[in-house]
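Following: one structure in structure tokens, then a few remarks.
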Amino acid sequence: MATVEHCLFCFEALSANLEKRTPMTLYQVQSSWTAYPKGLDEEEDEEQPELESSDSSPPSDNESGKPLSSVPVPRNPILERLFSSSSGSSTPASSSSSSLSPSTNNTTPSSSSTSFVPIGLHPRRTSQRSSNITESPLFITWNTISPSSSKSLRGCIGTFEPQPLSSGLSSYALTSALSDHRFNPITLRELPTLEVSVTLLTDFENAKDPMDWELGVHGIRISFYARNKRYGACYLPDVAPEQGWDKEETVVSLMRKAGWGGKREKWSEVGDLKVVRFQGMAESAGWEEYKQWRDWVKKGEPKNN
């Protein structure tokens, strides 16, 4: 499944592109996220009863007996190793340049700092634990978040061809942000309003019929003929539940998205209608969560003399 690190890496790719700087690699993002305080200790405290002590003195957080806040925080050795290494530490990427160019495989579907819980991050979020997936079909979705917390699609492009995550995530993060023909390219000043969602796709199966899939579990990819023309489009698993559609409404909407202009009641009369169902759990992160993490990372970067 997708992870928070994947989302942060997408933000890092877009932010670095717009700021004209070199982005962190996926490996660097994952390594720094491992060391980043995320409130996991809160989860452990909630699940384990507090031990009673006969000592009436105030509890201390370290061997010296001093409060933790008064102890100097050492520089993070993981970050020092990451940023003192040369550019050769980047994870090999085999397809980042080609995946940015137009391709038939590209598809458009539709807190508190003192407690160390970054904005938008729940201490129990299971994807805080790293994923071992290194290659997968994927979709990157950018949404604009309004002051009232409503979402508006800002770009979404992906591929059904397996991609190395070290290159595919960054490539499609940029493609969906800058090259979705439905929208103008995302600009630097828009970054604080954004949320990114990463979906890694799995379990592709040919459906027996257009209704042979489950709402909230499957995404669908359709193809069909009408007036001697081939049409095709896809929706990710979360689209139908978010819109409140039933299966037939989802299929008809997807046919409209593909460009079909026939009468709604005649949707089942198109030629050679095929449906492929798939699964994929999305993970999301907002700008504030990315910025808090990135500011923490920056504090550990070696200073240039």
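All of these numbers come straight from a predicted model, not from anything done at the bench. Here, residue 1 is the first one in the sequence, and each next residue gets the next number.
Residues forming a side chain to side chain donor-acceptor pair (under 3.5 Å) with Ser253 (at least two apart in sequence, or on another chain): Tyr235. By the side chain to side chain donor-acceptor pair (under 3.5 Å) test, Lys274 pairs with no residue at all, sequence neighbours left out. When the side chain to side chain contact (heavy atoms under 4.5 Å, CB included) test is applied to Lys266, the partners found at least two apart in sequence or on another chain are Lys263, Glu269. With sequence neighbours excluded, the residues satisfying side chain to side chain contact (heavy atoms under 4.5 Å, CB included) with Pro192 are Trp287.
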> Where do Val196 and Thr141 land on the side chain to side chain contact (heavy atoms under 4.5 Å, CB included) test, with the steps shown first?
Replying inline: CA-CA 6 Å; Val196 67; Thr141 303; over 6 Å; no
> Between Trp245 and Thr250, is a side-chain hydrogen bond (donor to acceptor under 3.5 Å, both in side chains) present by the stated rule, with each step listed?
Replying inline: CA-CA 6 Å; Trp245 295 331; Thr250 303; over 6 Å; no
>> Please determine whether side chain to side chain contact (heavy atoms under 4.5 Å, CB included) holds for the pair Ile222 and Met255, giving the CA-CA distance in whole Å, both sets of side-chain angles, and the decisive distance to 0.1 Å.
In response: CA-CA 8 Å; Ile222 66 170; Met255 293 173 69; 3.6 Å; yes
> Are Trp33 and Phe9 close enough, and set up right, to give a ring pair (Phe, Tyr, Trp, His ring centres under 6.0 Å), and what steps lead you there?
Replying inline: CA-CA 11 Å; Trp33 181 255; Phe9 184 47; over 10 Å; no
> Could you go step by step and tell me if Thr193 and Ile145 meet the side chain to side chain contact (heavy atoms under 4.5 Å, CB included) rule?
Replying inline: CA-CA 5 Å; Thr193 69; Ile145 309 299; 5.9 Å; no
> Can you list the steps and then say if Met211 with Val275 is a side chain to side chain contact (heavy atoms under 4.5 Å, CB included)?
Replying inline: CA-CA 9 Å; Met211 301 295 120; Val275 175; over 6 Å; no
> Is there a side-chain hydrogen bond (donor to acceptor under 3.5 Å, both in side chains) between Glu5 and Thr3 once you walk through the steps?
Replying inline: CA-CA 5 Å; Glu5 298 101 301; Thr3 67; 3.2 Å; yes
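For His218 (side chain) and Glu214 (main-chain N/O), a donor-acceptor pair under 3.5 Å exists by modelled atom type. Formation of a donor-acceptor pair under 3.5 Å by the Arg182 side chain with backbone atoms of Cys156 is found in this model.
Of all non-hydrogen atoms in Asn143 and Leu153, the two that sit nearest each other are OD1-CA, 3.4 Å. Contact detail for Arg21 and Ser15: the closest heavy-atom pair is NH2-OG, 3.4 Å. What you find for Leu273 and Pro210 is that their closest heavy atoms are CD2-CG, 3.6 Å. In terms of heavy atoms, Ala226 sits closest to Trp260 at CB-CD1, 3.9 Å. Here the closest non-hydrogen pair linking Leu201 and Thr159 is CD1-O, 4.3 Å. Residue Val198 comes nearest to Cys10 through the heavy atom pair CG2-SG, 3.8 Å, listed as atom of the first residue, atom of the second, then distance.
Glu12 and Tyr290 share a side-chain donor-acceptor pair at under 3.5 Å. A donor-acceptor pair shorter than 3.5 Å can be found between the side chains of Ser32 and Trp293. Under the 3.5 Å distance criterion, with hydrogens and angles disregarded, a donor-acceptor pair is assigned to the side chains of Ser150 and Ser146.
For the pair Phe139 and Cys234, the minimum side-chain heavy-atom distance is below 4.5 Å. Residues Gln279 and Pro237 have side chains not in contact (no heavy-atom distance under 4.5 Å, counting atoms from C-beta outward). When side chains are defined from C-beta on, Glu19 counts as touching Leu188, because their heavy atoms get closer than 4.5 Å. Leu200 places a side-chain heavy atom less than 4.5 Å from the side chain of Leu165. Between Ile140 and Leu174, every side-chain heavy-atom pair lies at or beyond the 4.5 Å cut-off.
How far OG of Ser284 is from CH2 of Trp142: 11.0 Å, rounded to the nearest 0.5 Å. In this structure, Met1 CE and Ser136 OG are separated by 12.0 Å, a value rounded to the nearest 0.5 Å. With rounding to the nearest 0.5 Å, the separation of CG in Leu194 from CD1 in Ile186 is 5.0 Å. Atom OG of Ser170 and atom CG of Leu14 lie 11.0 Å apart (nearest 0.5 Å). Rounding to the nearest 0.5 Å gives a distance of 10.5 Å between CD of Gln243 and CD of Glu249. Summarising the geometry, atom CG belonging to Leu215 is positioned 12.0 Å from atom CG belonging to Asp238; distances are rounded to the nearest 0.5 Å.
Remark: of the listed residues Tyr231, Tyr225, Phe224, Phe224 is the sole one forming a side-chain contact (heavy atoms from CB on, under 4.5 Å) with Val270. Put simply, the residue from Thr34, Val4, Leu8 that forms a side-chain contact (heavy atoms from CB on, under 4.5 Å) with Val29 is Leu8.
Screening residues 190-209 for salt bridge (charged side-chain N to carboxylate O under 4.0 Å, His left out) gives Lys151-Glu195, Arg154-Glu190, Glu205-Arg277 as the qualifying pairs, with residues at least two apart or on separate chains. Annotation: ring pair (Phe, Tyr, Trp, His ring centres under 6.0 Å) contacts involving residues 183-204, sequence neighbours excluded, comprise Phe160-Phe204, Phe204-Phe278.
The pair Asp295-Lys299 does not count as a salt bridge, with every side-chain nitrogen at least 4.0 angstrom from each carboxylate oxygen.
By the neighbour-count criterion of 12 heavy atoms within 6.0 Å, atom NZ of Lys247 is densely surrounded, having more than that number from other residues, nucleotides or ligands. In the displayed structure, Arg189 atom CZ is contacted under 6.0 Å by at most 12 heavy atoms of other residues, nucleotides or ligands.
No chain of hydrophobic side-chain contacts below 4.5 Å, direct or via other Ile, Leu, Val, Met, Phe, Trp or Tyr residues, connects Leu236 to Val217.
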